[in-house]
Amino acid sequence: MITSFLVKSLDRTIITAVAILLGLAALVPALNLMTAPDHPLHVPTYLVSLFGKYLTYALLALALDLVWGFCGILSLGHAAFFALGGYAMGMYLMRQIGARGSYGNPLLPDFMVFLNWKELPWFWYGFDMFWFAALMVVLVPGLIAFVFGWFAFRSRVNGVYLSIITQAMTYALLLAFFRNDMGFGGNNGLTDFKDILGFNIQADGTRAALFAASALALAVSLVITSGIVRSKFGKVLVALRDAESRTRFLGYRVEHMKLFAFTVSAMMAGVAGALYVPQVGIINPGEFDPGNSIEVVIWTAVGGRGTLIGPIIGAVLVNGGKSIFTAAFPEFWLFALGGLFVLVTLFLPKGVVGTLQQHLARRRANREAARKNGEAEFAAAEPMAAE
């Protein structure tokens, strides 16, 4: 069954993308660790972390593409799942600090000592173990998505109304995590991390390993997502995206299918957040900002929703452009981002990859039509030549 799932998921495009990601997972760390700083091929550590952050954004965009591109659910709340996964990883990293914090408390993080907390809250138990934190990275976003989706999809909330309540959910979590008494660091969030799995989080080797883990996670998620959308289940997802009422009348439990896709997508976003936090060194309530969810929508639209590869390319291109643009004109970035979205909507409604695929398909169709016309003309000319 697993073999059949993998075979269905691996077409030429997916194989090429996975090969590129696996190559990057090996090549970038090698160029960082095995070349001298003055070597022309050397990749500085700060670029390794920057590229790793781009890969986590690409994974987040891929997660959104599963529900928006193939299921028709425009979620404006995926930043919440991303941040929840990040907080789960941040809690593990905070527990690894121990007595090396500013206040020297072996059990309580610094912000709890500063706020005069006397004991560790119950929901922090277990986060001193990596396996438990890794489990929470997928379970917490997945559970919240499941509960939210259960009520939303059973109530048949669709379209812009669903988008609005996903954004409201994100904003509610933003306000909750800003509170100091929530036990998540309040406005400052979680930071000053020291170790991950016993390795210095600032070391070059650790940074390279985190980049490789991000590339591998993106490759695995791409294969899983491709397997889902190319299966019979994925075909029904596309059907309910295009004609939900007809799909329901055919006997499919539409709400269950939406719920599955939404939950899987939230888990993927949680993994992206968990890989993001150790590479940037901080997680705070700002990651819940509804504007972040809107940016993910823009990445997906620019790359091409419903293409799998498009959101990955869109996330990398837009964030790479953001790094360059904000260095030169930081105050104009939001205007540029909004203009980019408008231009893509007007002139590239299928995104970069979708438009390219459409162009290539049209060329193939034209070549095939020309070939058939040529064969027909040749067949018609043969009897005349025989006479």
Does Y125 have more than 12 heavy atoms from other residues, nucleotides or ligands lying within 6.0 Å of its OH? yes
More than 12 heavy atoms of other residues, nucleotides or ligands under 6.0 Å from CZ of F178: is that the case? yes
Would a distance-only check, ignoring hydrogens and angles, find a side-chain to backbone donor-acceptor pair under 3.5 Å from R241 to G69? yes
Under 4.5 Å between side-chain heavy atoms, hopping through other hydrophobics if needed: is there a path connecting V43 to Y46? yes
Show which side-chain atoms of residues 264-272 pair as donor or acceptor with protein atoms under 3.5 Å away, not counting sequence neighbours.
unit_1, atom_1, unit_2, atom_2, d
S265, OG, A63, O, 2.5
S265, OG, H78, NE2, 2.6

Are any of the side-chain heavy atoms of K235 and V229 separated by less than 4.5 Å? no
Worked verdict on R246 versus E244 for salt bridge (Lys or Arg N to Asp or Glu O under 4.0 Å): CA-CA 6 Å; R246 293 184 181 182; E244 181 175 333; over 6 Å; no
Looking at L340, L343, V353, which one forms a side chain to side chain contact (heavy atoms under 4.5 Å, CB included) with V302? L340
Would you please test F82 and Y276 for ring-ring contact (aromatic ring centres under 6.0 Å, His included) and show each step? CA-CA 9 Å; F82 180 82; Y276 168 85; 5.1 Å; yes
Determine yes or no for a side-chain-to-main-chain donor-acceptor pair under 3.5 angstrom, with T263 supplying the side chain and L259 the backbone. yes
For N319 and K322, indicate whether the former's side chain and the latter's backbone hold a donor-acceptor pair under 3.5 Å. no
Listing request: all ring pair (Phe, Tyr, Trp, His ring centres under 6.0 Å) pairs with a residue in residues 214-261, at least two apart in sequence or in separate chains. F233-F260
List the atom pairs, donor and acceptor, that lie under 3.5 Å between side-chain atoms in residues 130-158 and the rest of the protein, sequence neighbours left out.
unit_1, atom_1, unit_2, atom_2, d
S155, OG, F151, O, 2.8
N158, OD1, K258, NZ, 2.7
N158, ND2, R156, O, 3.4

Using the six-membered ring wherever Trp is involved, compare the ring planes of Y87 and F184 and label them parallel, tilted or perpendicular (cut-offs 30° and 60°). perpendicular
Tell me, please, which residues at least two apart from D204 pass salt bridge (Lys or Arg N to Asp or Glu O under 4.0 Å). none
Side chain to side chain donor-acceptor pair (under 3.5 Å) for S323 and Y54? Distances and angles first, verdict last. CA-CA 11 Å; S323 298; Y54 292 166; 2.4 Å; yes
side-chain contact (heavy atoms from CB on, under 4.5 Å) with R12: which residues, sequence neighbours excluded? T16
Co-members of L360 in a cluster of I, L, V, M, F, W and Y side chains, linked at under 4.5 Å: L356
Assert yes or no for the condition that the ring centre distance of F81 to F262 is strictly below 6.0 Å. yes
Neighbour count above 12 (heavy atom, 6.0 Å) for E119 CD: no
May I ask you to decide whether E368 forms a salt bridge with R364, counting only side-chain N to carboxylate O separations under 4.0 Å? no
